[in-house]
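Below you'll find the structure, written out as structure tokens, and then a few comments.
Just so it is clear, the model here is predicted, and its values are computed rather than measured. Counting starts at 1 for both ligands and their atoms, in listed order.
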Amino acid sequence: MTVKEIFESMDYGTAPESAAEALTWLVDQGAQFGHFINGEFTEAGEGFDSRNPATGEVLASLTQATQAEVDAAVAAARAAQPGWAALGGYGRARVIYAIARLLQKHARLFAVLETLDNGKPIRESRDIDVPLAQRHFYYHAGMAQLMEAELPDREALGVCGQIIPWNFPLLMLAWKVAPAIAMGNTVVLKPAEYTSLTALLFADICQQAGVPPGVVNIVTGDGAVGEMITGHADIDKIAFTGSTEVGRRIRAATAGSGKALTLELGGKSPYIVFDDADLDSAIEGLVDAIWFNQGQVCCAGSRLLVQEGVAETFLTRLKARMDKLRVGDPLDKSIDVGALVDPVQLATVTRLVDANTAGQVHRAACNMPATGCYYPPTLITGLAPSDPLMQEEIFGPVLVSTTFRTPAEAVALANNTRYGLAATLWTENVNLALDVAPKLAAGVVWVNGTNMFDAAAGFGGVRESGFGREGGWEGLSAYTRPRGATKALKTVEGYTGDGAPEGLDRTPKLYIGGKQARPDGGYSRSVYGKDGGLLGQVGIGNRKDVRNAVEAARGAAGWARTTGHLRAQILYFIAENLEARADEFARRINGLTGAGGDAEVAASVKRLFTWAAWADKYAGEARDVPIRGMALALREPVGVIGAICPDEAPLLGLISLMGPAIAMGNRAVLVASQAFPLAATDFYQVLDTSDVPGGVVNILTGSHAELAPVLAKHADVDAVWCFSSTPLSGVVEKESAASLKRTWVNHGRAVDWAGAAGEGRAFLEAATEVKTVWVPYGE
Ligand code: NAI
């Protein structure tokens, strides 16, 4: 072959990375692994093989954990936790720093082992997975160091159960373990059954780094072991990354257990190319969006939306680029696309694509290896938004696409999904980019870039992509709780009495869409004071009233786009109007509860000032990320929040939930204190005179037990808060599983509404979602 011919064909030679060191490590371990419990490897037991998906070769045999082994791991974590927390931030920072250093020292070994086990190209494991894992431990060594100074009111949750998938085995481990142990928790982690080897190598590193026994425990096995962890009574928090289906099951299984939960689930993330984009860059971006890790990426840009005017050119160039992708031996440093993780995943991808009859399919004209779990890079054009492949997560190297005409249409198509994990947009017009980014329903938005991650930048989704963030300051709230003991909350009953309403018989109303509305069922009940005297009547709301209130709240979406300044003014105005009627409200509260009216009204006015103060001050931050540009952590309202108000503080409780919700731009559907509802119904008039737009605050009265599950189930409610004294936390969590909405519940613990616990950052966090927007900035 002449030099000229080589240049013309651009054929390439292979550049295989040696597997020797990783294979030696496996042999040294006997190629048989038990679990890592209390700082030691256990004897290997019955289990299953871990195979290299590129060749089918068995790499090692793994143990399927038994209930007794999971119990032992949890017991070790429990025993170690107080000592680990007591070590202090500096003590933990030193250990976590040592882990980061050792990950760096053994980077090549980790990269090769990861590629052998998972099938991802060595280029990726070497340049992305392992460096990002190191970065996560460095960053969180810093968080441990700063915890006492910066988070003085927070403490560790305790023992965390962590269940991770197979697409980024070491990186997902780092995302879970680093923040957990930084905050003083101990962990029981289960890697995915296909890819446990780097987790076991990590256990080896923990021993070398001086991680005290029991702080990190690793048990291997399949979903059954995952269930043992999620169902374990002595675990305080579950962190899960994986499929939406399993996430939903875990939500239902942990409901009412008091366990904290974060879920990072699937996606069908849009990749939007506007007609003024730098098309060649957008195509290279697309290679990273959907062929990175064979498309087995939860935030993969798997749905291409390209503007009509450039669609033909773009797709032609894209196909040409696809045909040049090199598919092959993952250990070859020259390849672009490796093997799928397992024959099961290959079968899933094949089945999904084969079932599709719509559009036109282009398969990359690249050489495909004869054996192994390989699937060709595939593009399917001309799909309709409702086609299954436009909606379902394929989790393979398959890109689906359609076109759009206007930015508004792009946004509508982008948001036409049950998911909301990530979105990419590509345009040379900064105005367009910054106009579209806030409109996308996604936890992460990349502008002129894609699939960028960093420990300082929060990652996580909205809608059915789950809840909670990993990374950044916001990621720490998932691993901490407010410091201090809590008291149990007793059920608060209203008083009973007799006597019928006198005089004109006014039908008691609900407050929906800025108007007083009769309850749909037409029923009402009498409310009595401590002395048994009749105080008044309230309507009994039903599911139809909830639907109407949610519809009104949905209709008031413009509230989310108002300025914090305007929202502050309205909150101050509510405070002013409440204070003008302070005596009347105080008498009402005294009548309802027996005492404390003056103090409760004064505290309510003060609390409204707090939320007015915050309305324009809980903005985002720019995060220092070590790759290209910056990441903006923007705080967006959650949407429509359904809140079951506390019984015990009929006015202050309602204000304490309404305040942060509307200050941050949410609309609220509030269910008033069941025991003492009349303070809330009096409050309608304060709202009427305070310029609150109709639909922003809706108030229902009625039975908490009946209304809470309706709110939790409602598909158009984005979050449910429940501070009822009726024990409803479990019901709310369970009923929210179908739509995977965020919940914030009291788990039967009392809140001192008049004290510091009745306001503060926990409320701000519950009322907002962090959207991370990556933008080019500087060089
Ligand atoms: P999966 O959600 O079943 O597995 C993820 C982890 O959960 C594994 O460690 C598994 O052992 C564990 N698990 C399974 N069932 C469980 C249960 N009932 N309770 C507790 N833990 C359980 O995902 P799988 O089967 O590996 O992949 C299926 C599909 O899920 C993929 O085709 C893809 O569409 C999606 N997926 C999405 C991921 C993401 O990051 N968004 C990651 C992995 C898979």
Using distance alone, determine whether [X] and ligand 1 share an N or O pair under 3.5 Å.
X: Ile394; answer: no
X: Gly221; answer: no
X: Thr348; answer: no
X: Glu393; answer: yes
X: Glu227; answer: yes

Give the contacting part of [X] toward ligand 1: side chain, backbone, both or neither, where contact means a heavy-atom distance below 4.0 Å.
X: Gln296; answer: neither
X: Asp222; answer: backbone
X: Thr244; answer: neither
X: Val225; answer: neither
X: Glu193; answer: side chain
X: Phe240; answer: side chain

Checking a contact table here: which protein heavy atom is nearest [atom], and how many Å away?
atom: atom 3 (O) of ligand 1; result: Val246 CG2, 3.5 Å
atom: atom 20 (C) of ligand 1; result: Gly226 C, 3.3 Å
atom: atom 9 (O) of ligand 1; result: Ile164 O, 2.8 Å
atom: atom 39 (C) of ligand 1; result: Cys298 CB, 3.3 Å
atom: atom 13 (N) of ligand 1; result: Gly223 CA, 3.6 Å
atom: atom 28 (C) of ligand 1; result: Ser243 CB, 4.4 Å
atom: atom 38 (C) of ligand 1; result: Phe395 CZ, 3.3 Å
atom: atom 43 (C) of ligand 1; result: Pro165 CB, 3.5 Å

* To do: Please say which of Phe168, Trp446, Phe453 ends up in a ring-ring contact (aromatic ring centres under 6.0 Å, His included) with Phe459.
  =>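 The ring-ring contact (aromatic ring centres under 6.0 Å, His included) with Phe459 is passed solely by Phe453 among Phe168, Trp446, Phe453.
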
* Answer yes if a protein heavy atom lies under 4.0 Å from atom 25 (O) of ligand 1, otherwise answer no. =>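 When distances to the protein are checked, atom 25 (O) of ligand 1 has no heavy atom within 4.0 Å.
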
* To do: Please lay out, stage by stage, how Tyr479 and Trp473 fare under the test ring pair (Phe, Tyr, Trp, His ring centres under 6.0 Å).
  => CA-CA 11 Å; Tyr479 287 103; Trp473 289 97; over 10 Å; no

Could you tell me the separation between the [atom1] atom of [X] and the [atom2] atom of [Y], rounded to the nearest 0.5 Å?
X: Leu173; Y: Thr195; atom1: CG; atom2: OG1; value: 10.5 Å
X: Ile163; Y: Glu227; atom1: CD1; atom2: CD; value: 9.0 Å
X: His35; Y: Thr66; atom1: NE2; atom2: OG1; value: 6.0 Å
X: Asn293; Y: Asn451; atom1: CG; atom2: CG; value: 9.5 Å

Taking only heavy atoms of [X] into account, list the atoms of ligand 1 that are under 4.0 Å away from them.
X: Gly266; answer: 41 (N)
X: Lys190; answer: 8 (C), 9 (O), 10 (C), 11 (O)
X: Ile163; answer: 6 (C), 7 (O), 9 (O), 12 (C), 20 (C), 21 (N)
X: Ala192; answer: 9 (O)
X: Leu265; answer: 41 (N)
X: Arg249; answer: 18 (N)

* Asked: Hey, are Glu114 and Arg126 close enough for a salt bridge, meaning a charged N less than 4.0 Å from a carboxylate O?
  ->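 Looking at Glu114 and Arg126, the cut-off is not met.
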
* **Ionic contact status for Arg78 with Asp236, cut-off 4.0 Å** =>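 Yes.
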
* **N/O donor-acceptor pair under 3.5 Å between Thr63 side chain and Gly45 backbone** =>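 Yes; at least one donor-acceptor contact below 3.5 Å.
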
* Asked: Is Gln345 near ligand 1, meaning one of its heavy atoms is under 4.0 Å from it?
  ->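 Per 4.0 Å heavy-atom rule, Gln345 contacts ligand 1.
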
* Asked: Aromatic ring centroids of Phe137 and Phe202 under 6.0 Å?
  ->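 That pair passes the under 6.0 Å test.
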
Mind checking whether [X] and [Y] have side chains closer than 4.5 Å, heavy atoms only?
X: Gln296; Y: Pro397; answer: no
X: Val361; Y: Arg363; answer: yes
X: Val445; Y: Lys771; answer: yes

* Asked: Which class fits the ring pair Trp166 and Phe395: parallel under 30°, tilted 30 to 60°, perpendicular over 60°?
  ->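 Answer is perpendicular, since the angle exceeds 60°.
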
* Please say whether the positively charged group of Lys741, taken as NZ for Lys or CZ for Arg, lies over the ring of Phe467, i.e. under 6.0 angstrom from the six-membered ring centre and within 45 degrees of the axis. =>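 The answer is no, since Lys741 fails at least one limit relative to Phe467.
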
* When you check the side-chain N and O atoms of Asp117 and Ser50, is any donor under 3.5 Å from an acceptor? ->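 Present: a donor and an acceptor within the cut-off.
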
